[in-house]
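Some notes on the structure that comes next.
The figures that follow rest on heavy atoms only: side chains count, while hydrogens, waters and symmetry mates do not. Note that this is a predicted model, so its numbers are computed, not measured.
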Amino acid sequence: MKATRLALLGGQPIRTKPVPPHKTTGEEEKQAVLRVLDEGYLSLFEGNAAPDPPFSFRGGPEVQALETEWAQYYGVKHAIAVNSATSGLYAAMGATGVGPGDEVIVSPYTMSASAACALVYNAIPVFVDVRPDIYCLDPDSLKSRITPRTKAIVVVDLFGHPADMDPIMEIARRHNLIVIEDAAQAHGATYKGRLAGTLGHMGVFSLNVNKTIQCGEGGIITTDDDDLALRLQLIRNHAEAVVGQINRANIVNMLGYNYRMTEIEAAIARVQLTRLEGLNKIRVDLANYLTSRLRGIPGFAPPAVLPSCAHTYYLYAFQYDARVVGLSRDVFVSALKAEGVEFGSGYVQPLYLQPVYQQRKLYGEVGCPFSCPFYGGEVDYSRGLCPVAEDLHSSRLLVSEMVRAPLNRADMDDIVNAIEKVMDNAVILQAKAPVDMSLNNAGGH
Ligand SMILES: *Cc1c(COP(=O)(O)O)cnc(C)c1O
């Protein structure tokens with residue numbers, strides 16, 4: 001066993017190279033941007049059912065071409081481009097028709113907007129725990145949280161692995177619930193041969209700068225339902241000014257926003273879609289290589305992939321067992337960081353522990369929507385509500401962003417070499433670790 005001194009204790013780090021940026025754009029995006037600039041219309045949206053051409057309620061040629069190409073690629077009837085996945089989730093939730101007094105089921109282990117979209121419509125997020133293997137909503141826990149108030153479910157394909165959608169859709173069908181699939185992290189992932197983002201009634205994708213493909217900021221909503229598609233278009237673009245013009249009878253939640261994507265973003269996103277498979281191939285190759293090297297190291301559980309699924313590794317998430325390694329997760333992460341390999345600890349705090357849920361206060365001083373007189377339920381946001389998500393967050397999960405272009409297998413070797421070096425020195429390090437980082441304190445935050 002090599003007894004090389006840890007960087008944390010004054011030795012040479014395994015890696016000194018910084019992690020290069022995830023640049024997904026190239027010459028074709030540059031040409032696409034120039035094409036739009038030369039044409040001169042940076043946006044062609046207007047919040048009017050019949051504006052003067054070339055302005056349109058549906059946006060300009062780049063936005064509409066992106067929607068057509070996205071719908072074709074995903075094999076869905078409609079794709080609606082918006083300015084972020086957050087806007088997409090908000091619009092999708094509005095399109096379901098939920099409102100005050102309704103409950104929306106969501107996983108707590110996700111980006112905050114997956115649940116905030118319910119609050120926007122004065123509905124109450126009800127959190128259901130995740131599966132310990134794939135970190136997505138657990139269909140078995142879901143059943144027990146459905147009440148007569150439940151109207152919708154937000155399912156998240158976390159880290160690039162699809163949720164177990166068949167049982168979820170079956171439960172939704174039996175209870176007449178609308179399912180929004182948050183596929184912001186799962187471009188190109190598949191479930192039983194079907195693409196993530198097409199498995200619910202609506203799917204939401206992100207095109208923000210950190211996602212697998214991106215146009216700076218942007219989002220796409222997919223659906224096969226014509227009326228949901230129209231509602232999404234209305235919410236994207238000043239619904240309240242347009243519903244009268246089109247004589248729409250049902251105007252529930254038809255308050256519009258400006259969620260419109262610009263022509264430049266759409267032109268970039270169109271090129272990005274053609275890069276998706278290539279970019280995913282790199283992620284999958286790096287992740288599989290990393291898994292093959294981590295498998296068998298005691299104390300590390302590489303990501304699980306359900307038999308019928310293709311994971312696209314937006315993040316590489318694996319489980320760490322402090323007792324087996326003999327180092328608290330915090331000490332382990334600090335030692336690795338000193339070696340030049342950074343891991344995120346625990347992903348996000350389960351959402352119900354955020355102030356908005358703990359204080360049950362959002363609109364004004366009166367506590368709406370939680371204390372809304374139309375809401376007769378008693379929602380639980382107490383610590384311990386979702387033990388799997390809490391345990392993953394506080395003591396088990398580690399995530400790496402390094403499974404992406406332009407990184408390569410040598411970078412994965414750095415990760416494994418750094419892990420092995422820290423493990424070889426676990427006894428020395430544990431003896432020197434400050435008391436507040438001791439093993440007994442694992443999981444203390
Ligand atoms: C990134 C992300 C979002 C939000 O995407 P934006 O485009 O930044 O608004 C929503 N949900 C999940 C799961 C995400 O990872």
> Is R409 paired with D285 through a side-chain N to carboxylate O contact shorter than 4.0 Å?
Replying inline: yes
>> Please list all pairs meeting ring-ring contact (aromatic ring centres under 6.0 Å, His included) that have one or both residues in residues 89-119, counting only residues at least two apart or in different chains.
In response: Y109-Y347
> Quick one: do D133 and R131 make a salt bridge, cutoff under 4.0 Å?
Replying inline: yes
>> According to salt bridge (charged side-chain N to carboxylate O under 4.0 Å, His left out), who are the partners of E28, at least two apart in sequence or on a separate chain?
In response: R275
> If you measure from the Lys or Arg side-chain nitrogens to the Asp or Glu carboxylate oxygens, is any gap between R145 and D138 under 4.0 Å?
Replying inline: no
>> Applying salt bridge (Lys or Arg N to Asp or Glu O under 4.0 Å) to E277 and K281, what does each step give before you reach the verdict?
In response: CA-CA 6 Å; E277 281 165 32; K281 210 164 158 285; over 6 Å; no
>> What I want to find out is whether R236 reaches E67 closely enough, with some N-O distance under 4.0 Å, to be called a salt bridge.
In response: yes
> Which residue pairs satisfy the ring-ring contact (aromatic ring centres under 6.0 Å, His included) criterion with at least one member in residues 272-296, sequence neighbours excluded?
Replying inline: none
>> Taking side-chain hydrogen bond (donor to acceptor under 3.5 Å, both in side chains) as the definition, give me every residue that meets it alongside R404, ordered by chain and number, with sequence neighbours left out.
In response: none
> With a 4.0 Å cut-off, would you call R15 and E339 a salt bridge?
Replying inline: no
>> Can you pull out every ring-ring contact (aromatic ring centres under 6.0 Å, His included) where at least one residue sits in residues 186-221? Sequence neighbours excluded, please.
In response: W70-F205, Y74-F205, H187-F205
>> Tell me whether the count of non-hydrogen atoms from other residues, nucleotides or ligands lying under 6.0 Å of CG in N176 goes above 12.
In response: no
>> Applying salt bridge (charged side-chain N to carboxylate O under 4.0 Å, His left out), can you list everything that pairs with R149, at least two apart in sequence or on another chain?
In response: none
